[in-house]
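Working notes, beginning with the structure itself.
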Amino acid sequence: MIARELILETVMRIPEGRVATYGQVARAAGLPGRARLVGKSLRGLGAESIVPWQRVLGAGGRISIPDAQTARLQRDLLQDEGVRFSGKRVLLAGQLWDEGLDD
DNA sequence: CTGATGACAGTAC
DNA sequence: AGTACTGCCATCA
């Protein structure tokens with residue numbers, strides 16, 4: 001079983017307008033403690049990817065992308081699908097993905 | 001094998 | 001609120 005596949009598959013289950021943290025995705029993928037592996041798996045994905053990588057955030061709703069360009073893209077994409085921000089952070093309340101029920 | 005690194009997370013100050 | 005430190009784990013020189 002390839003961890004990267006599990007992670008990408010999990011990220012694709014996040015509905016539009018919802019967000020999740022790296023740690024949460026790792027847990028949902030059955031890989032508790034591999035939050036960093038999630039980031040590693042998403043690194044390299046771009047605007048062309050079918051994977052909604054923009055819905056994955058750091059703890060507390062912070063954008064954890066080192067590249068400012070990509071970080072800005074993530075913010076724009078999220079705001080575009082209706083995700084609300086509080087300054088530099090995403091308001092996780094009411095927008096955090098519920099692993100149990102999709103949508 | 002050892003040490004450094006990183007789209008993380010939690011805690012402490 | 002911002003910085004620092006620790007725990008974590010896969011990857012790589």
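Labels below follow one simple rule: chain letters A, B, ... track the order of the sequence lines, proteins then strands, and each chain is numbered from 1.
Although no hydrogens or angles enter the test, the distance criterion places a donor-acceptor pair under 3.5 Å between the side chain of A/Q95 and the main chain of A/L91.
Take A/R36 and apply the salt bridge (Lys or Arg N to Asp or Glu O under 4.0 Å) test, not counting sequence neighbours, and it matches no residue.
Pairs of residues two or more places apart, or lying in two chains, never qualify as salt bridge (charged side-chain N to carboxylate O under 4.0 Å, His left out) while including a residue from residues 84-93 of chain A. Among residue pairs with one or both ends in residues 20-30 of chain A, those qualifying as salt bridge (charged side-chain N to carboxylate O under 4.0 Å, His left out) are A/R27-A/E99; sequence neighbours excluded. Judged as a salt bridge (charged side-chain N to carboxylate O under 4.0 Å, His left out), not a single pair has a partner in residues 68-79 of chain A (not counting sequence neighbours).
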Report task. Kindly indicate, with the supporting measurements, whether the criterion side chain to side chain contact (heavy atoms under 4.5 Å, CB included) is fulfilled by A/R62 and A/V90. Result -> CA-CA 6 Å; A/R62 285 195 208 41; A/V90 168; over 6 Å; no

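Residues A/A35 and A/A26 share a closest heavy-atom pair of N-CB, 3.8 Å. Across all their heavy atoms, A/D98 and A/R18 have their closest contact at N-NH1, 3.6 Å. Heavy atoms only, all atoms of each residue included: A/V25 and A/T10 are closest at O-CG2, 3.8 Å.
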May I have the list of side-chain donor-acceptor pairs in residues 37-59 of chain A shorter than 3.5 Å, sequence neighbours left out?
residue : atom : partner : partner atom : Å
A/S41   : OG   : A/L37   : O            : 2.9
A/S49   : OG   : A/V51   : N            : 3.0
A/W53   : NE1  : A/G46   : O            : 3.2
A/Q54   : NE2  : A/E81   : OE2          : 3.3
A/R55   : NE   : A/E81   : OE1          : 3.0
A/R55   : NE   : A/E81   : OE2          : 3.4
A/R55   : NH1  : A/I14   : O            : 2.7
A/R55   : NH2  : A/E81   : OE2          : 3.2

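Sorted by residue number, the list of members of residues 59-92 of chain A with any non-hydrogen atom under 4.0 Å from DNA chain C is empty. Within residues 29-47 of chain A, the residues having any heavy atom under 4.0 Å from DNA chain C are, by residue number, A/G33, A/R34, A/R36, A/L37, A/K40.
Residues A/I2 and A/L6 have side chains not in contact (no heavy-atom distance under 4.5 Å, counting atoms from C-beta outward).
Counting 5' to 3', DNA chain C first comes under 4.0 angstrom of a heavy atom of chain A and last does so at the ends given by C/dG7 to C/dT11.
Annotation: the span from A/L31 atom CG to A/R4 atom CZ amounts to 13.5 Å, rounded to 0.5 Å.
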Protein-nucleic acid N or O pairs under 3.5 Å, nucleotides 3-5 of chain B:
none

